[in-house]
Amino acid sequence: MTVCQHRYLSETMAHDRDVFPWSSVVRSRCLVPFAAAVLTAVLSGCNPQLADDRPGDDSPSPAASAASPAAGGPAPGAGSLTLSNAIAAIPDGVERRDGYKRDSFRHWIDEDGDGCNTRAEVLIDEATIKPDQSDRCTLSGGSWLSYYDEIEVTDPRKLDIDHVVPLAEAWDSGAYDWSAERRQAYANDLGSDRSLVAVTARSNRSKGDKDPAQWLPPAESAHCTYAADWTATKLRWKLSADEEEKSALLGLAKACPDTMVKYEEAAE
């Protein structure tokens with residue numbers, strides 16, 4: 001199998017307007033091992049959100065999915081590994097929450113100055129039907145698929161942009177020792193399709209800052225993709241994992257033998 005540039009989320013579900021029987025929904029910046037039809041579209045917009053990954057400054061862009069049938073060996077500062085081998089490559093560590101404050105991670109910013117913050121960029125990238133966009137990067141209309149729970153959303157205000165590895169979890173796993181600049185880069189990581197994802201507010205808020213030992217997406221079809229995205233983000237940012245977290249990920253990997261994790265380390 002070859003490396004894809006999008007995550008294909010396989011689902012069987014019917015919506016009021018559309019039916020997607022065994023169709024694949026594309027999430028740009030994502031990589032997944034499913035072979036099926038693909039729906040792509042680009043949108044932009046800004047929405048409020050809560051939970052662990054509630055907006056702070058500007059909008060995020062979608063994170064390239066880590067699940068993908070990949071070809072070729074790892075390059076310097078990058079890798080393409082089976083899910084189980086990628087999990088084993090995450091550094092072992094003990095979590096440390098002391099001193100954590102959400103505002104230690106500035107988000108959402110408008111990094112390229114185009115009027116759309118990180119949140120809006122993610123919405124633009126992950127929309128399956130393009131919405132209208134105002135001069136101030138406000139969205140109306142459009143459609144998205146929340147892969148955590150396989151729910152179609154047509155109102156961007158009902159979507160949260162989730163940090164796949166939550167900010168608090170990143171802090172616990174090594175970000176407590178980062179500079180403010182590196183934390184900002186992590187919180188607005190548009191350089192990887194794995195780090196940020198548009199999902200229903202309900203699923204994001206049920207997740208909070210939990211790791212895979214404590215929470216998994218409600219849709220079982222999302223588990224391999226989620227495990228790969230989580231693992232790729234940890235490797236990209238050189239974050240550690242505790243024993244329970246690794247054990248939960250390795251348990252998931254048993255059901256995902258064809259899932260590959262492709263990642264590139266973030267610049268220091």
Side-chain angles (χ1 to χ4, degrees), residues 7 9 11 15 25-30 41-66 100-111 116-129 131 133 137-171 183-184 186-190 192-212 214-219 222-223 225-226 229-230 233:
R7 165 183 299 155
L9 302 177
E11 65 168 338
H15 301 297
V25 177
V26 177
R27 180 157 89 80
S28 336
R29 299 175 313 140
C30 307
V42 178
L43 307 100
S44 83
C46 314
N47 307 330
Q49 75 181 59
L50 303 172
D52 177 73
D53 294 303
R54 140 185 18 175
D57 284 289
D58 295 81
S59 303
S61 192
S65 185
Y100 170 72
K101 293 180 181 178
R102 186 174 176 77
D103 59 11
S104 295
F105 296 81
R106 183 171 175 249
H107 65 293
W108 310 112
I109 64 170
D110 180 7
E111 186 174 13
C116 295
N117 64 18
T118 305
R119 172 183 168 80
E121 299 281 7
V122 175
L123 290 170
I124 291 168
D125 196 34
E126 296 194 359
T128 57
I129 297 176
Q133 178 183 343
C137 204
T138 299
L139 297 179
S140 59
S143 183
W144 292 260
L145 179 74
S146 168
Y147 95 86
Y148 284 2
D149 43 14
E150 295 186 336
I151 291 177
E152 183 189 21
V153 179
T154 56
D155 182 352
R157 293 171 299 179
K158 294 182 179 180
L159 290 165
D160 280 0
I161 303 305
D162 183 39
H163 292 91
V164 171
V165 175
L167 301 181
E169 170 70 22
W171 177 276
R183 288 185 198 125
Q184 176 177 299
Y186 178 83
N188 299 276
D189 186 11
L190 297 178
S192 168
D193 293 350
R194 301 175 281 245
S195 306
L196 301 169
V197 58
V199 296
T200 58
R202 179 178 182 178
S203 65
N204 184 40
R205 295 167 197 184
S206 72
K207 171 184 172 179
D209 62 5
K210 302 179 184 73
D211 70 23
Q214 305 161 318
W215 185 91
L216 289 172
H223 288 182
T225 296
Y226 185 73
D229 284 357
W230 181 282
T233 302

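Note that this is a predicted model, so its numbers are computed, not measured.
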Next on the checklist: Using side-chain heavy atoms (C-beta onward) and a distance below 4.5 Å, is Lys101 in contact with Trp171?
Outcome noted: no

Item to check | Partners passing side chain to side chain contact (heavy atoms under 4.5 Å, CB included) against Glu111 (at least two apart in sequence or in another chain) | outcome: Ile109

Item to check | Salt bridge Arg157-Asp155, side-chain N to carboxylate O under 4.0 Å | outcome: yes

Next on the checklist: To check you understand the geometry: which heavy-atom pair defines the closest contact between Glu150 and Leu145, and what is its length?
Outcome noted: C-CD1, 3.9 Å

Checklist entry - When you measure from the side chain of Lys210 to the backbone N and O of Pro166, does any donor-acceptor pair fall under 3.5 Å? => result no

Checklist entry - Any sub-3.5 Å donor-acceptor pair from Trp144's side-chain atoms to Leu123's backbone N or O? => result yes

Item to check | Any Leu196 side-chain heavy atom under 4.5 Å of His163 side chain | outcome: yes

Checklist entry - Does any N or O in the side chain of Glu126 come within less than 3.5 Å of the main-chain N or O of Ala198, such that one atom is a donor and the other an acceptor? => result yes

Item to check | side chain to side chain contact (heavy atoms under 4.5 Å, CB included) partners for Ser203, two or more places apart | outcome: Ser146, Tyr148, Asp149, Val199, Thr200

Checklist entry - Between Ser143 and Thr128, is there a donor-acceptor pair closer than 3.5 Å when you use the side chain of the first and the backbone of the second? => result no

Checklist outcome for this item: Shortest non-hydrogen pair, Tyr226 vs Leu216, comes out as CD2-CD2, 4.2 Å

Checklist entry - CZ of Arg202 to CG of Asn204: how many Å apart, nearest 0.5 Å? => result 13.0 Å

Checklist entry - Of the non-hydrogen atoms in Cys116 and Glu121, which two are nearest, and what is the gap between them? => result O-OE2, 3.5 Å

